[in-house]
Colleague: 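Have a look at this one before I ask anything.
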Amino acid sequence: MQLVMLAGELGEKYGKHHEYYNLQTPADAIKLLCINHPALKQELMQAHHNGVGYKVIQGGAAMGYDELQLPFGSKPLLVVPVISGAGGGSTTQILVGVGLVAASFLIPGAGLFGTSFLAGAGTLAGATALSIAGTAAGALGVGLILSGTADLISPQPQLGNLGANRIRGEGTNVRGPGPDGVTRGAMGQANYAFTGPANTVGTGATVPVIYGRVIAGSHLLAANLEVSDDSDPLKITTQAPGLNTFRINGEQVSQKLESHGGLKGRRKSKGFNSTDPNKTKRILVNKQFGPPNGDRDLEVGKKFRSDELKHRNDPRKKLDILFKINNGLFDYVAGEGSTIIDGFIRYRITVELEGTGSNPKVASADVTVQGLLLQSKKHNILYGHRLEMPKVTGRDEVRVTVEIVDVAVHDDARLIFHAYGYGLLDGND
C-alpha cells in the first residue's frame with residue numbers, strides 16, 4: 001500500500017488520505033488523484049491564476065518536475081498548496097499546478113524532459129529538443145512548466161502583440177509599489193511570510209500551516225498604540241502638511257523630470273485650457289473622479305477612456321499624461337474629526353493604439369500617489385507621467401484609459417485626468 005496525503009484546502013475538499021497500490025512514480029499518484037477527482041484536476045489547472053503553487057514532498061524532500069518520474073519510494077507522498085509571495089526567496093521547488101498535470105498526463109516516462117533537455121540545462125536551446133510524445137497539448141504543458149513559476153511569483157501585465165514585423169521596441173510596463181502607511185495592515189508593499197523575527201501582514205492575510213522545520217517570526221493579530229505629546233495634545237496631523245509630502249510610487253516629486261519607481265514624471269505649475277486644433281499634440285480631458293459628480297466616484301473600479309489623439313510615428317514616441325489633485329489628499333485615522341493622515345490613490349493607466357482589427361495595449365502603468373495635502377488652493381497639485389510607446393505601423397489614434405485601483409482619502413478629494421499628448425512635460429513650468 002502507498003499513501004498519498006493532501007494538505008490544507010486540498011485535503012478538506014478531496015480527502016486528506018488516499019491509499020493506492022502499485023504506483024510506479026509520484027506522477028502516477030497525481031494522475032490517479034485527478035482521475036478520481038476531476039474537480040481537483042481543474043483546480044490544479046487554474047491555481048496559478050490565484051497565486052497558488054504546490055510542493056510535492058516525500059521523505060522530507062521537496063521534488064522538482066523531473067523527480068516526479070522517479071520511483072515512488074516507501075514514504076507517504078505529501079502535496080501541499082503554497083501561497084505565493086512577492087518574491088525574494090528560492091522558488092525552485094514550488095511547482096505550478098498545470099505543470100503537475102502536464103507531468104502526469106502529457107509527458108511519458110524516462111524522465112520529464114528526456115536526456116536531451118537535461119543536456120540543454122534548462123536553456124531555450126535545450127527546450128527545443130524536448131523528448132515529448134508529440135502532441136500540441138504536451139508542448140503547451142511543458143511551456144507552462146518552464147514559465148509558470150516565474151509568472152506565479154511575479155505576475156506582470158502583458159502588452160498587446162501585433163507581430164514581430166509590426167512592433168519595434170517595447171512600451172512602458174510599470175507596476176509601482178503600493179502606499180506606505182500605518183492605518184492599514186496591508187498597504188501594497190512587498191511582504192513575506194517568513195523572513196526573520198518580525199513579519200508584516202495585513203487584514204485578510206492567510207495564516208500559513210507549517211510543514212517541516214522553519215525559522216518564523218510572528219503574525220501580529222492586534223496592537224494598541226498610544227501617542228503622548230504635551231506640545232500638541234490633539235495631534236491634528238501626523239506630519240506637517242504641504243506639497244513636499246506628495247510622492248509618486250513612494251518617491252518625492254519635484255519639477256525636474258525624473259524616475260519614480262520606474263516611471264518618469266514631474267510636477268508642473270501650468271496646465272492647459274484647450275485641445276490642440278488638429279489633435280496631433282494634446283487632448284484636454286479634465287475628467288474628474290470625485291464630487292461634485294453626483295454619486296462619489298473616486299472609488300475602486302471607476303474608469304474613464306479618453307478621446308483619440310492622432311498618433312505619429314516620428315520621434316513622438318513618449319506620451320505624457322497629466323493629472324491634478326484638488327481639494328486635498330488626506331484621510332482620517334478614525335473618521336472625520338480624528339487625526340489627519342496621508343491619503344493615497346492608486347490608479348492604472350493603459351495606452352491603446354486604434355486602427356483596423358483589434359486595438360493593442362502598447363503601454364501600461366500602475367501608479368500610487370500619496371501625500372498630506374489640505375483643502376487649500378495652495379495645496380492643489382498638477383503633475384504628470386511619461387510613458388514610452390513602441391513604433392507601430394498602421395495605427396493612427398491613441399486612447400488612454402485611467403482606472404481607480406485602490407483609494408483611501410477623505411470624501412471631498414478629487415483626482416482629475418487633466419490632459420495627455422506629446423511633450424507636455426518638457427520645459428520648466
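Values below: every heavy atom of this structure, side chains too, minus hydrogens, waters and symmetry copies. Just so it is clear, the model here is predicted, and its values are computed rather than measured. Throughout, residue positions are numbered sequentially from 1 according to the sequence presented.
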Colleague: Restricting to non-hydrogen atoms, name the atom on Lys279 and the atom on Glu308 that form the minimum distance, rounded to 0.1 Å.
Modeller: CD-O, 3.9 Å
Colleague: Would you indicate whether the side-chain heavy atoms of Thr368 and Ile345 approach each other to under 4.5 Å?
Modeller: no
Colleague: Determine whether a donor-acceptor pair (N or O, by modelled atom type, separation under 3.5 Å) exists between the side chain of His18 and the backbone of Tyr14.
Modeller: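 Checking the backbone N and O of Tyr14 against the side chain of His18, a donor-acceptor pair under 3.5 Å is found.
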Colleague: Among Val56, Ile30, Val79, find the residue that satisfies the side-chain contact (heavy atoms from CB on, under 4.5 Å) test when tested with Leu95.
Modeller: Val56
Colleague: Determine the minimum heavy-atom distance between Phe417 and Ser306, stating which atoms define it.
Modeller: CE2-CB, 4.1 Å
Colleague: Using a cut-off of 6.0 Å, state whether more than 12 heavy atoms not belonging to Lys41 lie near its atom NZ.
Modeller: no
Colleague: Can a salt bridge be assigned to the pair Asp342 and Arg247 using a cut-off of 4.0 Å between side-chain N and carboxylate O?
Modeller: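 Yes, charged N to carboxylate O under 4.0 Å.
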Colleague: Of the non-hydrogen atoms in Ala419 and Leu284, which two are nearest, and what is the gap between them?
Modeller: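 Scanning both residues, the minimum pair turns out to be CB-CA, 4.2 Å.
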Colleague: Can you tell me if Asn273 has over 12 outside heavy atoms packed within less than 6.0 Å of its CG?
Modeller: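 No, the 6.0 Å shell around CG holds no more than 12 heavy atoms from other groups.
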Colleague: Charged N to carboxylate O below 4.0 Å: is that the case for Arg399 and Glu352?
Modeller: no
Colleague: Got a sec: does the CD of Gln375 have more than 12 other heavy atoms crowding it under 6.0 Å?
Modeller: yes
Colleague: Quick one: which of Thr350, Asn173, Thr172 gives a side-chain hydrogen bond (donor to acceptor under 3.5 Å, both in side chains) with Ser364?
Modeller: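 Of all the options given, the one that passes is Asn173.
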Colleague: Does the gap between the ring centers of Tyr347 and Phe323 come in under 6.0 Å?
Modeller: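 Under 6.0 Å, so yes.
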Colleague: Under the criterion side-chain contact (heavy atoms from CB on, under 4.5 Å), I'd like the reasoning laid out for Leu33 against Val4: C-alpha separation, chi angles, the key distance, then a yes or no.
Modeller: CA-CA 9 Å; Leu33 283 169; Val4 181; 3.7 Å; yes
Colleague: Under the side-chain contact (heavy atoms from CB on, under 4.5 Å) rule, what do Leu44 and Val98 come out as? Steps first, then yes or no, please.
Modeller: CA-CA 6 Å; Leu44 293 176; Val98 69; over 6 Å; no
Colleague: Are Phe272 and Val285 close enough that some pair of their side-chain heavy atoms sits under 4.5 Å apart?
Modeller: no
Colleague: His418 and Leu382: which non-hydrogen atoms are nearest, and at how many Å?
Modeller: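 Here His418 and Leu382 meet closest at CD2-CD1, 4.0 Å.
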Colleague: For Ala27, does its backbone N or O pair with a side-chain atom of Gln69 as donor and acceptor, under 3.5 Å?
Modeller: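 Side chain of Gln69 to backbone of Ala27: no pair is present.
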Colleague: May I ask you to test the Ser274-Arg282 pair for a side-chain heavy-atom distance under 4.5 Å?
Modeller: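 With C-beta onward as the side chain, the pair touches.
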Colleague: Decide, yes or no, whether a salt bridge links Arg386 with Asp426 under the criterion of side-chain N to carboxylate O below 4.0 Å.
Modeller: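 Salt bridge present between Arg386 and Asp426.
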Colleague: Got a donor-acceptor contact below 3.5 angstrom from the Asn327 side chain to the Asp412 backbone?
Modeller: yes
Colleague: Hey, is the main chain of Val52 close enough, under 3.5 Å, to the side chain of Asn50 for a donor-acceptor pair?
Modeller: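 No, Asn50 side chain to Val52 backbone: no donor-acceptor pair under 3.5 Å.
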Colleague: Hey, mind stepping through Lys377 and Asn380 against side-chain contact (heavy atoms from CB on, under 4.5 Å) and telling me if it holds?
Modeller: CA-CA 5 Å; Lys377 287 187 176 181; Asn380 291 347; 4.3 Å; yes
Colleague: So does Lys268 pair up with Asp429, basic N to acidic O under 4.0 Å?
Modeller: yes
Colleague: Taking the six-membered ring for Trp and the full ring for Phe, Tyr or His, determine whether the centres of His410 and Phe330 are under 6.0 Å apart.
Modeller: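 That pair passes the under 6.0 Å test.
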Colleague: Using the test side-chain hydrogen bond (donor to acceptor under 3.5 Å, both in side chains), find all partners of Ser254 that sit at least two apart in sequence or belong to another chain.
Modeller: Glu258
Colleague: Tell me the closest heavy-atom pair linking Arg266 and Lys256, and the distance in Å.
Modeller: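 Closest heavy-atom pair between Arg266 and Lys256: CB-O, 3.4 Å.
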Colleague: Please check if the side chain of Thr401 supplies one atom and the backbone of Arg305 the other of a donor-acceptor pair under 3.5 Å.
Modeller: no
Colleague: Can you name the nearest heavy-atom pair linking Leu374 to His379, along with the distance?
Modeller: N-ND1, 2.8 Å
Colleague: So, for Phe246 and Tyr383, is the gap between ring centers shorter than 6.0 Å?
Modeller: yes
Colleague: Begin from the C-alpha positions of Ile416 and Asn326 and carry the test side-chain contact (heavy atoms from CB on, under 4.5 Å) through to its verdict.
Modeller: CA-CA 8 Å; Ile416 301 171; Asn326 289 349; 3.4 Å; yes
Colleague: Establish, yes or no, whether a centroid distance under 6.0 Å links the rings of Tyr420 and Tyr422.
Modeller: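 No, too far apart.
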Colleague: Is any side-chain N of the basic residue among Glu43 and Lys13 closer than 4.0 Å to the acidic one's carboxylate O?
Modeller: yes
Colleague: For the pair Arg414 (side chain) and Pro291 (backbone), establish whether a donor and an acceptor sit closer than 3.5 Å, ignoring hydrogens and angles.
Modeller: yes
Colleague: Without swapping roles, check the side chain of Asp406 against the backbone of Arg346 for a donor-acceptor pair under 3.5 Å.
Modeller: no
Colleague: Going by atom types alone, do His385 and Asp320 pair a side-chain donor with an acceptor below 3.5 Å?
Modeller: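 No donor-acceptor contact under 3.5 Å links the two side chains.
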